[in-house]
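The structure under discussion appears below in the form of structure tokens.
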Amino acid sequence: MNIFDRLMTLDRRWVFLFVALVCVITYAIPFTIKLNKSPEVKAVYNFIDTLKPNDVIFVAVDYDPSSLAELHPMFYAIVEQAFRKHLKVIFSALSQNGPAMVDQVIKAVADSVKQDGTYNGVFYKGRQIEDGVDYTFLGYKPYPALIILAMGQDFRIPFPTDYYGKPLDSLPMMRNIRNYDQVKCVVELSSGSSSDMWITYGQSRYNFPLALGLTGVMSADYYPYLNSGQVFGIMGGLLGAAQYEALADNPGEALDGMRIQVYAHLVIIIFIIMGNIGFILARRKARKG
Amino acid sequence: MPMGTFLWTTLGAFLTLCIFSFLYRDNPLYKFAEHLMVGVSAGYFVILLWHNGLVPNLFSFLSDGHFYFLWLDAKSWWYIFPAVLGVMMWTRFSRKWAWISRWPIAIYIGIGTGITIPLVMRTSINLQLYASIRKAIDWGNFFGSGYLDSTAGYSQALIFVGVIAALFYFFFSKEHTGLFNGVAKFGIGILMIGFGASFGYTVMGRISLFVQRIQAIGNWTATSWHATSSYLIIWILIIGIFVVLSIYEFIQYMNRRGAAQSGS
């Protein structure tokens with residue numbers, strides 16, 4: 001039995017162990033990697049970066065904690081960028097296990113924005129972020145498609161109150177905001193079918209600029225919408241999040257995670273090549289009899 | 001660090017190791033963590049639905065802030081109709097009355113279909129077709145601005161040719177021979193590249209989940225154990241996995257011994 005025969009019968013748990021060891025060791029060793037920034041991620045960053053103070057953006061957070069590994073970093077980076085630039089943000093969470101997680105992120109970023117900060121050479125003085133003035137968190141409602149459609153008429157139809165139980169009309173920020181017409185763009189962070197719904201029932205029906213932040217598994221399926229102009233930018237998986245962090249000059253878990261990704265991918269590619277060589281040799285051997 | 005935070009983060013690290021122990025073999029620790037997550041999610045969802053859905057969007061309109069079922073003097077009394085439709089759904093639990101649930105389902109599907117069909121036609125067919133035709137090839141910007149530029153002319157040309165070739169592959173009214181077969185084969189090559197891109201992203205997604213848990217455990221060692229060296233995480237992980245698997249193997253051993261004794 002040669003090495004390739006052995007590889008064909010290798011217990012998969014050895015592969016898991018090897019990948020795990022590579023990930024842990026690369027995590028423990030401090031080093032950095034160079035990252036290219038793709039045009040579709042740059043488009044999202046540039047769009048938000050060129051908005052004026054008091055412009056309103058809508059951030060739809062439609063993922064559960066099970067997908068936070070990929071989507072949390074881009075959520076943190078976008079919210080911090082928006083708050084630093086004095087943009088107003090409306091948040092919704094149309095995924096059932098998302099609202100508490102969104103509330104946690106908003107508060108964490110608000111704490112961070114209290115401190116002075118310099119991003120891409122621009123100094124931003126720390127400031128207090130206020131609920132109802134700087135942001136509104138609408139919370140969760142079931143049936144995302146109907147909620148997205150109803151918000152196009154008036155945010156108050158599906159959300160008479162915000163997540164904290166306050167009527168929307170009582171929030172200073174929401175007084176002149178009725179629907180998507182007053183919103184500069186929607187950024188949809190999604191781990192499931194809600195991104196289809198935002199494209200179909202939101203962008204297609206109400207024609208607002210839409211950007212997507214997606215898990216890696218979904219990303220490739222949404223590029224046709226980029227080419228057709230239905231979405232103006234895509235951030236795909238941890239790579240997209242890392243590129244956004246690099247563009248925003250706000251390094252976080254995604255940039256840290258990408259250096260581990262590089263070596264994990266190398267290991268997987270090596271295993272795939274070895275597995276294929278083993279498969280081809282085994283097939284050739286079987287043909288020869 | 002407050003004791004509460006320490007206990008929660010430690011529990012999180014322990015549950016992470018319990019979930020990863022499945023990679024070795026299915027075991028009671030994995031099952032415990034899995035059931036805990038499902039139970040907590042379900043409980044959270046029910047409470048969330050009540051307080052964020054039913055109370056503000058239904059009961060508050062029927063109650064006028066006094067009592068939920070005093071809807072007769074409520075200004076928005078017509079909200080009773082969706083409430084009744086919702087209650088009718090529950091008749092599915094009775095064989096005798098299950099037919100009543102077809103009414104709200106029919107209304108729901110009817111409205112859903114009416115809204116969905118024109119919007120899906122526009123989103124997924126019309127606009128996609130329009131984009132493929134209108135943006136066929138941008139000759140003025142053929143080489144684009146750099147590395148793999150999706151807006152460059154060559155990308156659009158590839159997409160255009162790829163779409164046509166992939167459609168050839170799915171055209172079964174003509175036998176796949178000669179030039180037709182060649183184009184169809186090119187089409188399947190394009191499809192394979194698409195599937196490969198999806199697979200690559202999927203691998204990245206799965207590794208991302210693992211990386212995030214490593215980062216979480218790393219933060220736990222740093223904040224809970226004041227680990228100054230990040231190498232400590234290696235030992236914590238190895239020892240953690242070893243402990244989890246040892247407990248599992250011990251339980252298995254005791255079960256086998258119990259079964260052997262009862263057999264004899």
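Below, read A as the first sequence line, B as the second, and so on, with proteins coming before strands; counting in each chain starts at 1.
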Residue part contacting chain B, namely of A:Thr215, when any heavy atom lies under 4.5 Å | neither
Which answer fits A:Leu238, side chain, backbone, both or neither, if we ask what part of it has an atom under 4.5 Å from a heavy atom of chain B?
-> both
How far does [atom1] of [X] sit from [atom2] of [Y], to the nearest 0.5 angstrom?
| X | Y | atom1 | atom2 | value |
| --- | --- | --- | --- | --- |
| A:Asp221 | B:Tyr201 | CG | OH | 11.0 Å |
| B:Ser124 | A:Asp196 | OG | CG | 7.5 Å |
| A:Asp256 | B:Ile214 | CG | CD1 | 10.5 Å |
| A:Asp11 | B:Tyr24 | CG | OH | 9.5 Å |
| B:Asn52 | A:Lys141 | CG | NZ | 5.0 Å |
| A:Leu146 | B:Tyr108 | CG | OH | 5.5 Å |

Among [options], who wins on heavy-atom pairs under 4.5 Å with chain B?
| options | answer |
| --- | --- |
| A:Ala254, A:Ala220, A:Pro73, A:Ser204 | A:Ser204 |
| A:Ala100, A:Ala145, A:Ser67 | A:Ala100 |
| A:Pro65, A:Ser66, A:Ser219, A:Gly165 | A:Ser219 |
| A:Asn97, A:Ile260, A:Leu17 | A:Asn97 |

Which of B:Ser208, B:Pro118, B:Gly205 touches chain A most, by non-hydrogen pairs under 4.5 Å = B:Ser208
Work out which heavy atom in [X] is nearest to a heavy atom in [Y]; give both atom names and the distance.
| X | Y | result |
| --- | --- | --- |
| B:Leu127 | A:Gln230 | CD1-NE2, 3.4 Å |
| B:Gly200 | A:His265 | O-CE1, 4.3 Å |
| A:Gly237 | B:Met204 | CA-CE, 4.1 Å |
| A:Gly257 | B:Val211 | CA-CG1, 3.6 Å |
| A:Ala69 | B:Gln212 | CB-CB, 3.3 Å |
| B:Ile207 | A:Ala264 | CG2-CB, 3.7 Å |

Are B:Arg206 and A:Val217 close enough, and set up right, to give a side chain to side chain contact (heavy atoms under 4.5 Å, CB included), and what steps lead you there?
-> CA-CA 8 Å; B:Arg206 300 296 179 243; A:Val217 176; 3.7 Å; yes
Please lay out, stage by stage, how B:Thr123 and A:Tyr225 fare under the test side chain to side chain contact (heavy atoms under 4.5 Å, CB included).
-> CA-CA 9 Å; B:Thr123 308; A:Tyr225 296 111; 4.1 Å; yes
Indicate whether the side chain of A:Tyr201 and that of B:Thr116 have a donor and an acceptor atom separated by less than 3.5 Å.
-> yes
Would you find a donor on one side and an acceptor on the other, under 3.5 Å apart, between the side chain of B:Gln215 and the backbone of A:Glu253?
-> yes
Begin with the C-alpha distance, continue with both residues' side-chain angles, and end with the deciding distance and a verdict on side chain to side chain contact (heavy atoms under 4.5 Å, CB included) for B:Phe199 and A:Ile272.
-> CA-CA 12 Å; B:Phe199 176 72; A:Ile272 289 173; 4.1 Å; yes
Around [X], counting heavy atoms of other residues, nucleotides and ligands shown, do more than 12 lie under 6.0 Å from its [atom1]?
| X | atom1 | result |
| --- | --- | --- |
| B:Met89 | CE | yes |
| A:Tyr143 | OH | no |
| A:Phe271 | CZ | yes |
| B:Met37 | CE | no |
| A:Tyr164 | OH | yes |

Between A:Tyr140 and B:Tyr44, does the ring centre distance come in under 6.0 Å?
-> no
